[in-house]
Amino acid sequence: MSTIAELQKLSEREDHIEYKEAKHNYPFSGGERRDVKDRRHCVLGYIVALANERGGRLVLGMADKVPHEVVGSDFAQNALGGLVDEIYKRLHIRVRTEELYDGDKRVLVITVPSRPTGKALRFEGVPLMRTGESLREMDDAEYLTIIQEQDPDFSAKECQGLLSADLDGDAIRRLRQLIFEKRKNPDILTSPQEQLFSDLRLVTTEGRLTYAALILVGKSSALETFLPQNNIVVEYRSNHSLDRYSARKEFRLPLMKAVDEIWNYISHPASNPILHINDMPVILDVPGFNEETIREAVLNACVHRSFQMPGDILIKIFPDSFEISNPGGFPFGVNVGNILTVNSSPRNRLLAEIIEKTGLIERSGQGADIMFRNCVAEGKPLPDYSESDDYQVSLKIPAEIENPRLYIFLRNWAVKLNAFELLNLYYVNKGRVDDLFVNSLSRLLDAGVIDEDVYFRYTFGLTYFVYAYRDCAAQFGADVVRQVYYAIKRSGRASSSFIAEQLKGKYSLKQSRTLIAKMCEAGYLVQKGSGRASVYEWVEK
């Protein structure tokens, strides 16, 4: 905690601190100034510069000349919560604030964390640094130095003091068994532990155990001693409005044991209810949380987290979602927009490579593909990374089924689709045709699963309706069902005359009205209004 006496002794440059009198009306984000260089001299500008200098403190209400006389500031008085929220919203960093008083004179201290590795913060599009009394734009050499930074592979480092006695025998046996099942090499089961660890690079060239060995097979007591932040916390809440959890459990275990125990804890009926889809005459049971999806989420959090940052991997379970967050932002070059298309570089590469050898993940960096694929295949919303920032990755995996027809189609149409083809089906269903992966359309178009369309650009094709709406298609014909469906989908409802126009050449006006009446009787359409004002809406049975 800061004190005024301490602040009065510090030097701006050497102690990574910036003093501003800011008595009244000090600008938060440039104020009414027009000149670009003048606009930088504001709270956000100095926070950006301090973060780019690996963190520091911005002091408002003290003179910048030693001994930093206290003059007092009214900046953000009685509004510190809103200030912190707005800084986070603008810069995606979490600052800490303190209010100090010298008599009736108020001093506000804003403690700024370091920028993330490999990323320079910007104010109005410009990465800033302090120079004397001014804020200047970084030159090319400074900026290049930052963006070329990479986190070293923490998992490959020697864990000083870790001994063989600190390793969990059951976890080592589990590691051997998983690699054997993946590679079918019986030598894995019988080779000396020293050979196994050398082959997996769990020891350094000097023969000392690495952090990867600790994380994978270290005893709980060793994890507590050497890496206490290697902890996974699972909390259950019955709804999102509750601040306190209903149940909580910590897993400070070797990863070879933790991944199974976490799933066993989550998969109880109370926290992982079975959802039901009516695919007449069969009732299909779909778990709220898919085991493969949850395992991928947990393993991704482990191999991508930053162990240099304190904090646990936190899992929150709700009846409608699974949420997991891990310390450390996305790896360099990865963001929410490219997470499926960019080659991932795990922060803990050695750890990721060994987990890949066990078969717990198919390929390093492929976890996001699997999670997206599974959610679409089960008719659920997509995994959501939107709450992530430069200091943590937050992932929300929904449990609810929003599109049972897509699930029924994929279950009955016995063709395996890749993640991008599945996402194309999801986007067509949502009408998000601008998001389609164009290079993954050809097989779907050739199979008649989707069609090009003048109005919608892309729609579901006849093949989709044959399988997804087979109950309705069997009664009225897949082509007719498709035309009625999209006639209504244009605006959410349609008149009988508009539907008849779409069926022209197949049905007369009278036959179209008879068809509409039968589809209403069968429960696929519902009539709104009466007489000439009647319109019809589609009903998902």
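A pairwise comparison of heavy atoms in A270 and Y236 identifies O-OH, 3.8 Å as the closest pair. The minimum heavy-atom distance between Y426 and R432, with the atom names listed, is CE2-NH1, 4.0 Å. Closest approach of H68 and M62 over heavy atoms only: O-CE, 3.0 Å. Contact detail for S271 and F289: the closest heavy-atom pair is O-CE1, 3.3 Å. Shortest non-hydrogen contact noted between I294 and I266 is CG2-CD1, 4.1 Å. The minimum heavy-atom distance between Q392 and S325, with the atom names listed, is OE1-CB, 4.0 Å.
Taking 4.0 Å as the cut-off between side-chain N and carboxylate O, E323 and R237 do not count as a salt-bridged pair. Salt bridge R295/D260: present, at least one basic N to carboxylate O contact under 4.0 Å. A salt bridge is absent between R130 and E12: the closest approach of a Lys/Arg side-chain nitrogen to an acidic carboxylate oxygen does not fall below 4.0 angstrom. For K430 and D435, the salt-bridge test fails: no basic side-chain N is under 4.0 Å from an acidic carboxylate O. A salt bridge links E6 to R57: one of the charged nitrogens lies within less than 4.0 Å of a carboxylate oxygen. Remark: E387 does not engage K396 in a salt bridge, criterion side-chain N to carboxylate O under 4.0 Å. The existence of a salt bridge linking E86 and R90 is confirmed by a sub-4.0 Å separation between a basic side-chain nitrogen and an acidic carboxylate oxygen. Salt-bridge annotation for K316 and E235: absent, with no side-chain N of the basic residue lying under 4.0 Å from a carboxylate O of the acidic one.
Between L83 atom CG and L108 atom CG the span is 7.0 Å, to the nearest 0.5 Å. With rounding to the nearest 0.5 angstrom, the CZ atom of F420 is 9.5 Å from the OH atom of Y427. L223 contributes atom CG, which lies 9.5 Å from atom CG of D166 (distance to the nearest 0.5 angstrom). With values rounded to the nearest 0.5 angstrom, F251 atom CZ is found 12.5 Å from K257 atom NZ. How far CD1 of I313 is from CG of N300: 10.0 Å, rounded to the nearest 0.5 Å. Here the straight-line distance linking atom CZ of F123 with atom CG of N52 works out to 13.0 Å at 0.5 Å rounding.
I401 is not listed as a side-chain neighbour of Y407, based on a closest heavy-atom distance of 4.5 Å or more. Using a 4.5 Å cut-off on side-chain heavy atoms (C-beta onward), E137 and Y143 make no contact. Between E292 and R373 there is a side-chain heavy-atom pair separated by less than 4.5 Å. Residues N348 and D153 meet the side-chain proximity criterion, which asks for heavy atoms closer than 4.5 Å. Between L417 and N424, the closest side-chain pair of non-hydrogen atoms is not below 4.5 Å. When side chains are defined from C-beta on, C302 does not count as touching I215, because their heavy atoms never get closer than 4.5 Å. Side-chain contact check for V112 versus E53: every heavy-atom pair is 4.5 Å or farther apart. V43 places a side-chain heavy atom less than 4.5 Å from the side chain of L60.
Judged by the 6.0 Å distance and 45° axis criteria, R305 is positioned over the aromatic ring of F307.
Side chains of T204 and E158: a donor-acceptor N/O pair is absent below 3.5 angstrom, by distance only. A donor-acceptor contact under 3.5 angstrom links the side chains of N374 and T293, judged on distance only. Checked by atom type, the side-chain pair D285/H276 shows a donor-acceptor distance below 3.5 Å. No hydrogens or angles considered: nothing links the side chains of K249 and Y265 as a donor-acceptor pair under 3.5 Å. When only modelled atom types and interatomic distance are considered, N230 and Y211 share no side-chain donor-acceptor pair under 3.5 Å.
Counting only distance, with no hydrogens or angles, the side chain of E142 and the backbone of D139 share a donor-acceptor pair below 3.5 Å. Of the possible donor and acceptor atoms, one in the side chain of T225 sits under 3.5 Å from a partner among the backbone N and O of S221. At least one donor-acceptor pair closer than 3.5 Å links the side chain of S220 to the backbone N or O of R252. A donor-acceptor distance shorter than 3.5 angstrom exists from the side chain of E98 to the backbone of S2, with no hydrogens or angles considered. Listed for the S198 side chain is no donor-acceptor partner under 3.5 Å among the backbone atoms of Q195. R347 places no side-chain N or O within 3.5 Å of a backbone atom of F154 that could act as its donor or acceptor partner. A donor-acceptor pair is defined here as one N or O able to donate and one able to accept, closer than 3.5 Å; no such pair exists between the side chain of N429 and the backbone of L425. Of the possible donor and acceptor atoms, one in the side chain of N272 sits under 3.5 Å from a partner among the backbone N and O of G288. S388 places a side-chain N or O within donor-acceptor distance of the main-chain N or O of S394, the cut-off being under 3.5 Å. The backbone N or O of L314 lies less than 3.5 Å from no partner atom in the side chain of D312, so there is not a single donor-acceptor pair.
By the 30° and 60° cut-offs, the orientation of the rings of W413 relative to Y467 is tilted.
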Determine whether I277 and R411 satisfy the following criterion, side-chain contact (heavy atoms from CB on, under 4.5 Å), listing intermediate values before the conclusion. CA-CA 12 Å; I277 294 179; R411 180 176 181 271; over 6 Å; no
Just do the side-chain contact (heavy atoms from CB on, under 4.5 Å) check on I179 and L200 with the steps written out, would you? CA-CA 11 Å; I179 296 176; L200 295 176; 3.8 Å; yes
L209 vs C159, test: side-chain contact (heavy atoms from CB on, under 4.5 Å). Steps then yes/no. CA-CA 6 Å; L209 291 165; C159 181; 5.6 Å; no
What do the steps show when you test N418 against D369 for side-chain contact (heavy atoms from CB on, under 4.5 Å), and what is the final call? CA-CA 9 Å; N418 63 39; D369 302 30; over 6 Å; no
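Around the CG atom of D140, the shell of radius 6.0 Å holds no more than 12 heavy atoms that belong to other residues, nucleotides or ligands.
Aromatic pair F330/Y385: centroids less than 6.0 angstrom apart.
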